[in-house]
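The structure appears below as structure tokens.
In what follows, residues are counted from 1 in the order of the sequence shown.
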Amino acid sequence: MTSQGPGLEILEKLAEWSSKEIETNIDQILQEHYSHLNGEDKGHVLQAVYALLVTCLPCLPLDVVDKSLLCHTMPVVQLLFQESLEGIQLRLDDKSQSDIEDIADTLSSLLQVCIELLKCLECVLQYLVSQGSVNISSVPNVPKTAAVIMLQTFKHCKESESLYQEVFPTMADLLGSVFRQCHQVQCRFFSVITTNLTYDCSVETDIVHLVDVLQILSEVGEHIMSLDIKTMAEQWKGYAKILQMYLEPLRNRLNIAYPLNYLCLEISKNLEHLVSQESPKDPRSVTRLIKTTSFILKIVVKLCEQFGSGNGCLRGCHSSLYKLLLSLHRYSPSMLLTQNVDSSIVDEMERSLFIAADPLLSHIICEDGFREEFFKNSGKVCNAVNDRLPHLSLMPSVMKKLASFSAEDKNFWLGDTRKSNIIGCLLELLKHSHSELSCEIWFPGVVKPGESRRTFDFYESLCCHCAGFVLSFNAEQYQKVECMLMDSLLEPFIWPAVFSSDVWCICARAGSSELVLDQVLYFADIASSFEPTSLTERVECQVFSLFIHRMCSFLGAKGKQVLFEKFPPLEHPLLWQIFGLHCLPKEAKESVPQQMISNTVAHVQNFISSNTSVKLFNQMIFSLCGLCAALECSSKSSVDRQKSVVPSIISLWQYTCPGDIAEHLSPLNKFLNGPKWLTKLLGLLCKCTEGLVQVMSNEEILQILNLMERVFNCCNSSVKLSLLRILHGLATKTLEASQDQGLVCSKISHLFTCFLEDSHQIVMETTLETFEYFAHFTAHESVVADAVGNNVAIQEVVTSYLQKEAPAVESNVPTLNHQEYLTFQGKICLDHICEVKKQRNLSSQSPEKPAKKIRLDCDDTSDLSAFLADDLFTEFVEEGTSDAVERILKDTQYLTSKCSFSSLSVTLKTDLKRAVEQLNKFIN
């Protein structure tokens, strides 16, 4: 540079003097240039700065350089750089001049000033390198000034395209020069601050200065992210290295939340971009983005290692770290494979990105803030569809880490309430996770060397990790979780109940046989209060019964003996239907089934032959449960004893279905909607008959089929599903070669045709499954052909089912995709929805009516249908005589106006005559 004005003759001499001459005249030179630093002519100021920092600085010793030069010059450099950038902004905002060339000349001059100032700054840093080890107190202004100028430069470069707009193409090369010069300053800066400069962290001013510099550097890292990968990497490497050098004093002073929050957000954005439909198709672009994201992720893990791991220094960033973990699990290999993402991208993301999820979790799981964030979001994700699956995927990782914790550390994650207990949170979340648990998500399993590769699904992953976690508990911790598992077992939510039973069974296998026995006895006490039909009608009872059955398989010989003595099979047939007769002691396995069959025969005969009552009915129902249990453990040697009960079962069918069933039910109690007693009885009858058809003769089967046809014509869908069990049982039956064989086959075909024409979707689907099973196993192929026959509609339905085609849907019916359908299923409530009957409020003037009385007996002329016509096995006496007379008059008027006596069926005529005779007796 040369002088351009008066008073700057010294600049001309500097260009000619040697280093020795400059050292000799240094005081005069400094004094002369100081007078120009605050001048109004910015050109002269720049010349003075350049002369001082480039020419004079190397000639000064370190101990006086700050006092003599840097304390005066560095603030001027920072101010001049800032004014240059502001001048660019003002020039670009000035719309009065439209000459782009004129604007470009002005902008070029200002950018050139920035380049010269950056060169001056690089000279200062080079001077510090030449001085070896330098304490920050000797040059307190340099690091912060350099950091601020780098921040301003990189921020300007980041915003340049939107800032310069139409001028950007003209200025692009010069802007590139600014960026490259700043990059050189950046490299020199980190070399100086990590190698030459030293901070005495026992001195407050030093540590404050270091914290300020690091805060500025974290902002630099944010702006540089989208500029250049190499520059970004050098920035964060240098930042991390400084932290490592002064980690202990910085832990409680530096706010690490700012860089961590930004970096976590950047990683999540990159992950989403990688798997989105708009992601770049160029493989090199994908690889570059994955490498960039991987590097940022390493920085995050390193920062969490330095400031986390239970140190409590990650204040303000636990939410971002939790969301980052969600993103990593959302885009894990197992999840991506279900989204049709290219396998090469999935493999590369697994190697470079997802592998960081485990160490990241290790560094933050001990943090109180992360635990609070985890529990808070566990409640929120129940209604957040997008976050539910990744949160569930995160849970096994968390439980795996916690399993190795000490009992004291585990207690923080095992609160007394579900909201503060990780197992409780998981059970609560499973209530809303039907679609997530139904997804085809597979994980690679751990195998021993030499074993073939295996995979396990999402549910199995949750279940095994949860069981492993539970097995690491002490007695007090297990007691807390045991109560939550027990509550879930008895709630009407399928997934939590099944999950609890699976976890409990895994833990039971690892426990002692005495503990298993105590638990089974406790569960049996609860199950003893179940009604027989609860095992098929109530979800919680079904799951709980299956759970007890599985637990019984863990009992030893001693446990089976205790169970047999505490719950004698003849006194508790329902429980032994749950246990299974395989749990009997060895010496009782032959005698008990025979006793149960004999007991059933006796109770059925008593009920049919005696005056019907609720007590006898319930005894018979329980004996049928015992029969079901006996039939499930049948063997070749038990054929004769099974045959002995067949006549009783047929008699019960005939007694339950006398004549036309519909005629034995009042118009308000059609079989279509009830009553419940008949549905329950037929359900048990069908289950028993399914186990007996193998020992029945053709004649006996034909009787059952005829009764089934009669029931089918007026029953509800629940009973129809029960009737299908009998057809299922007949699939493996080889009929006797008798005269009845053709009739039996024809009747089976006809029943299948009726079921296949049913309009209820569940009945239709179950029928198709049963029909396919029957066609596969039956020895009587004519049944299959006759069932389909010439009915084109049935043929199309069966063909579509066998070819696994989706059923045709009407054009005006909205369709659901698989995910929407699973979501719809998950919203189905299994709670009981019976409406509570409203009670009438009697006025003070109204006389109090007598209470209803339960009638438990009836005369011999009544059959079961007439007696148990009420929904709850009870029939009530009329509340008032006047009401009864009034209804008789109305019914009589209805009959005489709507029909004639001759048009009534024979049964109705008989019933009507009987009623008239009773009324005549009453009147006379």
From Ser591 atom OG to Leu584 atom CG, the distance as rounded to the nearest 0.5 Å: 8.0 Å
Step through the shown structure and confirm whether more than 12 heavy atoms of other residues, nucleotides or ligands are within 6.0 Å of CD on Gln739. no
Pick out which of Phe567, Phe622, Phe579 makes a ring-ring contact (aromatic ring centres under 6.0 Å, His included) with His572. Phe567
Does atom CG of Leu912 have more than 12 heavy-atom neighbours from other groups under 6.0 Å away? yes
CG-CZ distance between Leu751 and Phe712, expressed to the nearest 0.5 angstrom: 8.0 Å
So, for Phe771 and Phe755, is the gap between ring centers shorter than 6.0 Å? no
Say whether, by atom type as modelled, one donor and one acceptor occur between the side chain of Gln694 and the main chain of Gly729 under 3.5 angstrom. yes
For Phe547 and Phe544, take the angle between the two ring planes, folded into 0 to 90°, and tell me which bin it lands in: parallel under 30, tilted 30 to 60, perpendicular over 60. tilted
Side-chain (Asn599) to main-chain (Gln595) donor-acceptor, under 3.5 angstrom: no
Contact between Val744 and Leu730 at the side-chain level, heavy atoms closer than 4.5 Å - yes or no? no
Within a strict 4.5 Å, meaning less than it, do heavy atoms of the Lys747 and Met708 side chains meet? no
Min side-chain heavy-atom separation Phe752-Ile748 under 4.5 Å: yes
With side chains defined as the heavy atoms from C-beta onward, is the minimum distance between Val693 and Ile704 less than 4.5 Å? no
Taking CD in Glu699 as the centre, count heavy atoms belonging to other residues, nucleotides or ligands within less than 6.0 Å. Is the count above 12? no
d(Leu727 CG, Thr778 OG1) to nearest 0.5 Å is 11.0 Å
Polar side-chain atom of Ser623 near backbone of Met620 as donor-acceptor pair, under 3.5 Å: yes
Greater than 12 external heavy atoms within 6.0 Å of Lys643's NZ: no
Student check: side-chain heavy atoms of Gln741 and His780 closer than 4.5 Å: yes
Identify the heavy atoms of Val763 and Leu721 that sit nearest to each other, and give their distance. CA-CD2, 3.9 Å
If we ignore hydrogens and angles and just use 3.5 Å, is the side chain of Ser644 paired with the main-chain N or O of Arg641 as donor and acceptor? yes
Taking every heavy atom of Thr734 against every heavy atom of Ala779, the minimum-distance pair comes out as OG1-CB, 4.3 Å
Please evaluate residues Asp525 and Lys566 with respect to the criterion side chain to side chain contact (heavy atoms under 4.5 Å, CB included), reporting the C-alpha separation (whole Å), side-chain torsions for both, the decisive distance (0.1 Å), and the verdict. CA-CA 10 Å; Asp525 283 333; Lys566 183 172 178 60; 4.3 Å; yes
Check whether any side-chain N or O of Lys687 sits under 3.5 Å from a backbone N or O of Leu624 as a donor-acceptor pair, and report yes or no. no
Taking the side chain as every heavy atom from C-beta outward, state whether Trp576 and Val592 have any pair of such atoms under 4.5 Å apart. no
Shortest non-hydrogen contact from Ser697 toward Glu700: N-OE1, 2.9 Å
Given 3.5 Å as the limit, does a donor-acceptor pair link the side chain of Ser529 with the main chain of Ile526, or not? yes
Should the heavy atoms of other residues, nucleotides or ligands under 6.0 Å from CZ of Phe777 be counted, would the total exceed 12? yes
Does CD in Glu565 sit with more than 12 non-hydrogen atoms of other residues, nucleotides or ligands closer than 6.0 Å? yes
With no hydrogens and no angle check, is any side-chain donor or acceptor of Ser513 less than 3.5 Å from a backbone partner on Leu555? no
Within this structure, what is the OG-OH distance for the pair Ser609 and Tyr655, rounded to the nearest 0.5 Å? 9.5 Å
Have Ser800 and Glu796 got a donor and an acceptor in their side chains that come within less than 3.5 Å? no
Derivation and outcome, side chain to side chain contact (heavy atoms under 4.5 Å, CB included), residues Phe617 and Ile621: CA-CA 6 Å; Phe617 177 79; Ile621 289 290; 3.8 Å; yes
Can Asn791 and Glu757 be counted as having a side-chain donor-acceptor contact under 3.5 angstrom? yes
Are side-chain heavy atoms of Met486 and Leu490 found at a separation under 4.5 Å? yes
Spatial distance of atom SG (Cys628) from atom CD (Glu632) [nearest 0.5 Å]: 7.0 Å
I'd like to know whether Val646 forms a side chain to side chain contact (heavy atoms under 4.5 Å, CB included) with Gln642, so could you lay out the CA-CA distance, the side-chain angles of the two residues, the decisive distance to 0.1 Å, and finally the verdict. CA-CA 7 Å; Val646 170; Gln642 290 180 23; over 6 Å; no
Smallest separation among heavy atoms of Ile578 and Ala527, with atom names: CD1-CB, 4.0 Å
Heavy atoms, side chains only, cut-off 4.5 Å: are Trp653 and Cys686 in contact? yes
Parallel, tilted or perpendicular, as decided by the 30° and 60° cut-offs, for the rings of His549 and His582: perpendicular
Candidate pair Met696 and Thr689, rule side chain to side chain contact (heavy atoms under 4.5 Å, CB included), full reasoning: CA-CA 9 Å; Met696 285 184 180; Thr689 306; 4.0 Å; yes
Please report the shortest heavy-atom distance between Ala524 and Ile548, naming the atom on each side. N-CD1, 4.5 Å
Hey, what do you get for CG (Asn606) to CG (Leu616), rounding to the nearest 0.5 Å? 7.0 Å
Search all heavy atoms of Thr753 against all heavy atoms of Ala787 and return the closest pair with its distance. OG1-O, 2.8 Å
